[in-house]
Amino acid sequence: MIRTHYSTQITPDMKESVTICGWAHEIRDLGGITFLVVRDREGLVQVTLFKKTIDKNLLEIVRNLSRESVVAITGTIKKEAKAPNGYEVVPTEVKVLGKADSPLPMDTTGKVDADLDTRLDVRFMDVRRPYTQAIFRIRHLILKSIREYLDNDGFLEITTPKVVATATEGGTALFPITYFEREAFLNQSPQLFKQLMMSGGLDRVFEIGPIFRAEEHDTRKHLNEATSIDIEASFLNNEDVMVILENLVKYIYMKVQEKGATYLKTLGVELKIPEIPFKRITYSEAIEIARKNGEKIEWGDDLSTESEHTIGKTIGEHYFIVDWPSKIKPFYALPYEDKPELCRAFDMMHPRMELSSGAQRVHSYEMLRDRIEAQGLNPDGFEFYLKAFKYGMPPHSGWGVGAERLLMTMLGIENIREVVLFPRDRKRLSP
RNA sequence: GUCCGGAUAGUGUAGCGGCCUAUCAUGAGGGCCUGUCGAGCCCCCGACCCGGGUUCAAAUCCCGGUCCGGACGCCA
């Protein structure tokens, strides 16, 4: 191991020799004194070279260093009020581990902006910026706290296939792929598989994984490859899993605030922890709000972007839309017994956009078969799925949350591509 | 996919028929400087997306393409 300390592990009073590893963030040669600012994952360290006392070779190496080259600096800590953080490193050895070409494809110091497109083309360099890094630090915190929360609540983490034989839920377009001599598809969601595990008796499962949608959408909230956070739980109804969802969202916000304070500061974000329970409005009430604001929308229509915005503005915080028309929800959403034109489906919304949708599921084999047909799908393609409903399927419910949307709405980020390292959209397939 | 806007040094920009030998910042190269911390000062380098057209003259106007941004649609 080359490194002995991260930048943040150094204190002004340390006596031992340290080795820091990182990137040459800035080199300021003042003639008689030369400053090299080294950046590692945790922060910045100033390395100071006095012309009079430093080894000539060391000075030459540092003066010839190109910005963003990778270096390992061994030296002693000098307490110095004039230095950032109250100390500087006086080097005894400087190793260039990875030379950087110049000019750089983008600026990493915050002096000159770069377009998102430019940043995505050189994402490796963009991630060196504290701003971008903060986003992915918080993304990590979110995923970690979700696992924590669900594990504590008795959920098992599962992994389901992303390569599937048949079109699954309908609704969205799938990416066809070649699977040896057959055609296959990239899965749009783990929906069917997580439901199979209810028949399997795993009782409560969750999965955090990629989903693929072949839609040609071109917006700031859609990706063709996204990350879905899915749960499915037996013996719970729609309301039960909504409670899990709102509690989870609150938990995530609290954890990010607690453990991600420095990253939030870097991003200039002040988190407001959502209050639970979230408001519940019915689909019919949602339509009413939209119509009152002059929108031409009929009961039975899906919510337009405009409606989403007006309703979001009206409510002003996270909320649920419940009791959707059965016709516009997937076949597996359970219709109410007394009024089957409505179903036990819900969407969880942020004022800006939809974050999650879920439902209590149909668990009767016959009803499920009928619903698949009623939605114009062919039950033959669902044999592997339907079979599980014939031999003892418990009532169950679940939901899926878009991880990127959760992150972007939490941080007030406008473009979903910002919160994915290597986003896949209609145009971008590389890097 | 539709509509609207855009593409100028490595990066971010100004210019929108002749004053362009194209602005500014940042950056690269060279020089001065012992306390910088977006260091400062001097010198210097580097660009009009591609193809066609209009015009005496095109970075600037028109057409097509590619790519980018935004709104909507589709969708989660």
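Reckoned from all heavy atoms, side chains included, excluding hydrogens, waters and symmetry mates. Just so we're on the same page: letters track the sequence lines, and every chain starts at 1.
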Taking atom [atom1] in both [N] and [M], compute the distance separating them and give it to the nearest angstrom.
N: rG12(B); M: rC32(B); atom1: C1'; value: 29 Å
N: rC45(B); M: rG29(B); atom1: C1'; value: 7 Å
N: rG38(B); M: rC44(B); atom1: C1'; value: 23 Å
N: rU55(B); M: rC63(B); atom1: C1'; value: 16 Å
N: rA59(B); M: rU21(B); atom1: C1'; value: 15 Å
N: rG65(B); M: rC4(B); atom1: P; value: 14 Å
N: rU60(B); M: rA9(B); atom1: P; value: 15 Å
N: rG31(B); M: rG15(B); atom1: P; value: 37 Å

Do the charged groups of Lys162(A) and Glu207(A) touch, with an N to O distance under 4.0 Å? yes

Please list, for nucleotides 41-46 of chain B, all pairs of protein and nucleotide N/O atoms separated by less than 3.5 Å.
none

Choose from [options] the nucleotide whose nearest atom is closest to any side-chain atom of [X].
X: Lys52(A); options: rC68(B), rU34(B), rG1(B); value: rU34(B)
X: Glu26(A); options: rC37(B), rC72(B), rG38(B); value: rG38(B)
X: Lys111(A); options: rC37(B), rG1(B), rG38(B); value: rG38(B)
X: Leu223(A); options: rG35(B), rG38(B), rA76(B); value: rA76(B)
X: Arg220(A); options: rG70(B), rU36(B), rC33(B); value: rG70(B)

Contact class for Lys329(A) vs. all strands (heavy atom < 4.0 Å): base, sugar-phosphate, or nothing?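 No contact at all - Lys329(A) keeps every heavy atom at 4.0 Å or more from the nucleic acid.
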
Across the strands shown, which category fits His25(A) at heavy-atom distances under 4.0 angstrom: base, sugar-phosphate, nothing? nothing

Report the base-pairing partner of [N] (Watson-Crick or G-U wobble, both distances below 3.5 angstrom), or none.
N: rC16(B); result: none
N: rU60(B); result: none
N: rU66(B); result: rA7(B)
N: rC72(B); result: rG1(B)

Salt bridge (Lys or Arg N to Asp or Glu O under 4.0 Å) between Lys78(A) and Glu80(A), intermediate numbers included: CA-CA 6 Å; Lys78(A) 183 175 157 235; Glu80(A) 173 55 70; 3.5 Å; yes

Show the numbers, then the answer: is there a salt bridge (Lys or Arg N to Asp or Glu O under 4.0 Å) between Glu275(A) and Lys250(A)? CA-CA 7 Å; Glu275(A) 287 185 28; Lys250(A) 184 178 178 182; over 6 Å; no

Please report, to 0.1 Å, the donor-acceptor pairs under 3.5 Å made by any side chain of residues 8-22 of chain A, with sequence neighbours excluded.
residue: Gln9(A); atom: OE1; partner: Tyr6(A); partner atom: N; Å: 2.7
residue: Asp13(A); atom: OD1; partner: Lys79(A); partner atom: NZ; Å: 3.2
residue: Lys15(A); atom: NZ; partner: Asp13(A); partner atom: O; Å: 3.3
residue: Thr19(A); atom: OG1; partner: Thr74(A); partner atom: OG1; Å: 2.9

By ring-ring contact (aromatic ring centres under 6.0 Å, His included), which residues pair with Tyr263(A), not counting sequence neighbours?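 Checked Tyr263(A) against ring-ring contact (aromatic ring centres under 6.0 Å, His included); zero matches.
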
Residues passing the ring-ring contact (aromatic ring centres under 6.0 Å, His included) test with Trp324(A), sequence neighbours excluded, are Tyr283(A)

Pairs where [range] contributes a residue and the test salt bridge (charged side-chain N to carboxylate O under 4.0 Å, His left out) is met, not counting sequence neighbours:
range: residues 301-311 of chain A; value: Lys221(A)-Glu308(A)
range: residues 320-329 of chain A; value: Lys329(A)-Asp347(A)
range: residues 62-73 of chain A; value: Asp29(A)-Arg63(A), Arg39(A)-Glu68(A), Arg67(A)-Asp107(A), Glu68(A)-Arg128(A)
range: residues 222-231 of chain A; value: Lys194(A)-Asp230(A)

May I ask you to list the residues of [range], by number, that have any heavy atom positioned under 4.0 Å from an atom of RNA chain B?
range: residues 56-77 of chain A; value: Arg67(A)
range: residues 340-358 of chain A; value: Glu354(A)
range: residues 403-429 of chain A; value: Arg405(A), Asn415(A), Lys427(A)

Can you check the [X] [atom1] to [N] [atom2] distance for me, whole Å?
X: Arg213(A); N: rG73(B); atom1: CZ; atom2: P; result: 18 Å
X: Lys51(A); N: rG35(B); atom1: NZ; atom2: C1'; result: 16 Å
X: Leu30(A); N: rG31(B); atom1: CG; atom2: P; result: 15 Å
X: Ile27(A); N: rG35(B); atom1: CD1; atom2: P; result: 19 Å

Arg220(A)/Glu404(A) under salt bridge (Lys or Arg N to Asp or Glu O under 4.0 Å): CA gap, chis, key distance, verdict: CA-CA 11 Å; Arg220(A) 296 189 293 174; Glu404(A) 285 79 19; over 6 Å; no

How are the rings of Phe206(A) and Phe155(A) set to each other: parallel, tilted or perpendicular (split at 30° and 60°)?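 Correct class here is perpendicular.
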
Going from CG on Leu267(A) to OG1 on Thr262(A), what distance comes out if it is rounded to the nearest 0.5 angstrom?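 Rounded to the nearest 0.5 Å, the CG-OG1 separation comes out at 9.5 Å.
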
Assign each of Glu306(A) and Ser102(A) the nucleotide of RNA chain B bearing its closest heavy atom; nearer the 5' end lies the nucleotide of Ser102(A)

Nearest nucleotide by nearest heavy atom, which residue falls closer to the 5' end of RNA chain B, Phe35(A) or Thr219(A)? Phe35(A)

Polar side chain donor-acceptor pair, His318(A) to Glu246(A), under 3.5 angstrom: no

Any side-chain donor near an acceptor of the partner, Thr310(A) and Ser307(A), under 3.5 Å: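 Result is no, nothing qualifies.
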
Got a list of protein N/O to nucleotides 6-15 of chain B N/O distances below 3.5 Å?
residue: rG10(B); atom: O2'; partner: Leu104(A); partner atom: O; Å: 3.1
residue: rU11(B); atom: O2'; partner: Asp113(A); partner atom: O; Å: 2.9
residue: rG12(B); atom: OP1; partner: Asp115(A); partner atom: N; Å: 3.1
residue: rG12(B); atom: OP1; partner: Thr118(A); partner atom: OG1; Å: 2.8
residue: rG12(B); atom: O4'; partner: Asp113(A); partner atom: O; Å: 2.9

In this structure, is the centre-to-centre distance between the rings of Tyr251(A) and Tyr149(A) below 6.0 Å? yes

Should Glu26(A) and Lys111(A) be marked as a salt bridge (Lys or Arg N to Asp or Glu O under 4.0 Å) after you check the CA-CA gap, both sets of side-chain angles, and the distance that decides it? CA-CA 12 Å; Glu26(A) 288 186 285; Lys111(A) 285 177 205 160; 3.0 Å; yes

